[in-house]
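Sharing a structure here in structure tokens format.
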Amino acid sequence: MINKHLTRLRQGDNFALTDIYNLTKNAVFSICYSYMRNYQTAQDLMQDTYVNIIKHILKFKDGYNGRAWIHTIAKNLCLNELKKRKRETCVDFSLREDLAGGYEQALPDESGIIGLACKVLSDNELKIVMMHTIGGIKLKEIAQILQSPQGTVRWQYNNALNKLRKNLASIGELK
Amino acid sequence: MKKKDIEKMLINSADNFVPECLDKILEKTKFITPEKPTTQPRQSFACFRRFATAFSAVLIFFSLGVVSFFGYMNSDYMTVYLDINPSIAITVNRFEKVKSIEFINQDAKVLFENYRAKGKPLEQVINEFLEKYLQKTERLEEDAVLYLSAYCKNNSKSEEILKRLKTKASQVLKDKNADIPIEELKITKQERNQAKDKQISPVKLKLIEQILKVSDEHTEEQLQNMSIGELKKLLNDLIPDNNRTKGNN
């Protein structure tokens, strides 16, 4: 399905981008968010992903897995951004009044299950849970994105769900 | 709460969680044109590099194997002695190609001064040796005997070679109308080393030892100066039914 739309886009049909966006937005955003852990940055990188798809569409070949190609673009953008941030000097925004506030956008689901997942889960667990549940990416593909064995990914996913279940149960008890 | 319920909760929250930014994307991509690919895809180069590495590793292993095989096959394998006065020792490799010739006595040195045998097949060298000997010897000794002897770690191999060489040599002698009896002998490592120390052929050493066993009249030095034919004759005189050197091993 995706390959068909990507081929259309390569042939110059710009309306194909809307179809590609509708089919992949969840997966792309989940990848960006799970890597960056910042809603606004993830949103920017999501946009950049689609810009890059248009830029490099001529490199897309018929035999490729279109979905995996898009996921790789999103992942590489995130990794580049993280690398760039490592090189930059850290500034404490709270100490600079001119810069503080107005940038950080809160999660739409801050008090919901996603907010809980962000608090409770480790980096890798959050990536797997986000990509699988929000993005709808198969665990096999997640294993390829994270370059880990499929068994490890499956195990970490179950572990993460157990963690969430325990935390939800303890919250329920408190209430 | 079950795991499935948590999964469902997460999936249901996806719609609220994922932002809608199609308009922004369309705005951004309005003036963007696709870039033409300029470089070769990296994957094919990586594939070629992997193939080249594997191929060179196989090539290195193969060449090492070939080199060690030929090194092994070309090492000294057997020494064949021809005693008829002149006496020579021929060292061959596993391909039965001559590696070197040692002239055991002065006659051999004179007769084969400019002879090049390196790399030639053993049988050819023996043929040439006999032909040259018959050409240069005007009159054959009355008691001339051709002794073919060999030393090899593999006993069965030396037996087989001696048998083959005997057939070849008798053929050559027959063609040249030379009536010379041929006897074959296997040599042990100890005998070979002893003969080397005394600078005589192992066959001569064996004959001398046999003569000294039955006679006190001769000294070892005297016997060393005699030819193989003379020694054989002397031994026959001392032990009329002498047949000991023949097929001794």
Side-chain angles (χ1 to χ4, degrees), chain A residues 9-10 12 14-15 17-18 20-22 25-30 32-33 39-40 42-44 46-61 64 105 107-109 112-117 129-130 132-136 157-158 160-169 172, chain B residues 1-69 72:
Chain A
L9 190 68
R10 192 178 58 198
N14 282 341
F15 293 108
L17 188 66
T18 312
I20 293 166
Y21 173 82
N22 287 331
K25 64 175 180 181
N26 285 7
V28 170
F29 187 74
S30 68
C32 296
Y33 185 78
Y39 198 80
Q40 187 57 48
Q43 208 170 319
D44 292 342
M46 183 191 183
Q47 289 169 25
D48 289 347
T49 303
Y50 291 98
V51 170
N52 273 12
I53 288 172
I54 296 257
K55 262 189 195 172
H56 301 293
I57 190 65
L58 293 179
K59 287 177 192 166
F60 178 77
K61 298 269 161 63
Y64 287 5
Q105 193 178 335
L107 273 180
D109 189 25
I113 184 106
I114 295 177
L116 179 71
V129 169
M130 294 286 281
H132 188 58
T133 54
I134 312 283
Y157 177 68
N158 285 323
L161 288 186
N162 275 335
K163 265 188 194 174
L164 285 174
R165 193 178 59 181
K166 275 179 197 167
N167 276 280
L168 282 171
Chain B
M1 191 176 277
K2 286 178 184 171
K3 275 186 197 172
K4 275 195 177 174
D5 299 325
I6 297 168
E7 271 183 324
K8 263 184 197 169
M9 279 169 73
L10 283 161
I11 291 164
N12 291 337
S13 61
D15 287 339
N16 279 335
F17 184 68
V18 178
E20 196 54 59
C21 46
L22 180 63
D23 295 337
K24 283 182 189 170
I25 291 166
L26 290 175
E27 187 88 8
K28 274 187 180 178
T29 55
K30 212 184 252 178
F31 303 107
I32 288 176
T33 47
E35 289 172 3
K36 279 184 184 169
T38 49
T39 51
Q40 285 285 318
R42 205 198 262 168
Q43 202 183 351
S44 63
F45 177 68
C47 193
F48 168 74
R49 207 169 48 181
R50 225 172 292 150
F51 172 76
T53 314
F55 180 74
S56 42
V58 168
L59 202 71
I60 287 166
F61 275 113
F62 180 74
S63 349
L64 278 176
V66 168
V67 167
S68 48
F69 172 75
Y72 170 75

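In what follows, chains carry the letters A, B, and so on, assigned in the order in which the sequence lines appear, proteins first and then strands, with residues in each chain numbered from 1.
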Contacting moiety of Asn14(A), where chain B heavy atoms sit under 4.5 Å: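 When you check distances to chain B, no heavy atom of Asn14(A) falls under 4.5 Å.
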Counting heavy-atom pairs closer than 4.5 Å to chain B, which one of Val28(A), Thr49(A), Ile134(A) comes out on top?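 Maximum pair count with chain B is reached by Ile134(A).
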Please classify the contact of Tyr157(A) with chain B as side chain, backbone, both or neither, using a heavy-atom distance under 4.5 Å.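 Contact with chain B is through the side chain of Tyr157(A) alone.
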Distance from Gln43(A) atom CD to Glu20(B) atom CD, nearest 0.5 Å?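 It comes to 10.0 Å.
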Sequence-distant partners of Lys166(A), side chain to side chain contact (heavy atoms under 4.5 Å, CB included), two or more places apart: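 For Lys166(A), no residue satisfies side chain to side chain contact (heavy atoms under 4.5 Å, CB included) once neighbours in sequence are set aside.
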Given Ile6(B), which partner from the list Leu161(A), Thr133(A), Asn167(A), Leu116(A) fulfils the side chain to side chain contact (heavy atoms under 4.5 Å, CB included) test?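 Going through the options one by one, the only one that passes is Leu161(A).
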So how far is it from Thr29(B) OG1 to Tyr21(A) OH, rounded to the nearest 0.5 Å?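 Reported to 0.5 Å precision, the distance equals 12.0 Å.
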Which atom pair, heavy atoms only, marks the closest approach of Ile113(A) to Ser13(B)?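 Smallest heavy-atom distance, with atoms named: CG2-OG, 3.9 Å.
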Heavy-atom distances under 4.5 Å only: say whether Thr18(A) touches chain B with side chain, backbone, both or neither.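 When you check distances to chain B, atoms from both the backbone and side chain of Thr18(A) fall under 4.5 Å.
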In Å and rounded to the nearest 0.5 Å, what is the CG to CG distance from Leu22(B) to Leu17(A)?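 So the CG of Leu22(B) and the CG of Leu17(A) are separated by 7.0 Å.
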Toward chain B, the part of Val129(A) with a non-hydrogen atom under 4.5 Å: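 The side chain, not the backbone.
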Do Tyr33(A) side-chain atoms and Val18(B) backbone N/O form a donor-acceptor pair below 3.5 Å?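 Here the side-chain-to-backbone pair does not exist.
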State, yes or no, whether a side-chain contact exists between Met46(A) and Cys21(B) at a heavy-atom distance under 4.5 Å.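 The answer is yes, as the side chains (C-beta and beyond) meet within the 4.5 Å cut-off.
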Can you find a pair of side-chain heavy atoms, one from Lys24(B) and one from Tyr50(A), that are under 4.5 Å apart?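 No, every pair of side-chain atoms sits at 4.5 Å or beyond.
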Within a strict 4.5 Å, meaning less than it, do heavy atoms of the Leu10(B) and Leu164(A) side chains meet?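 The answer is yes, as the side chains (C-beta and beyond) meet within the 4.5 Å cut-off.
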Residue pair Lys28(B) / Asp48(A), side-chain heavy-atom distance below 4.5 Å: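 Side chain of Lys28(B) against side chain of Asp48(A), heavy atoms only: contact under 4.5 Å found.
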Do any N or O atoms from the side chain of Tyr39(A) and from the backbone of Phe17(B) form a donor-acceptor pair under 3.5 angstrom?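 Judged by distance alone, yes, a pair lies under 3.5 Å.
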If you tally heavy-atom pairs under 4.5 Å against chain B, which of His132(A), Met130(A), Lys25(A) wins?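 That would be Lys25(A).
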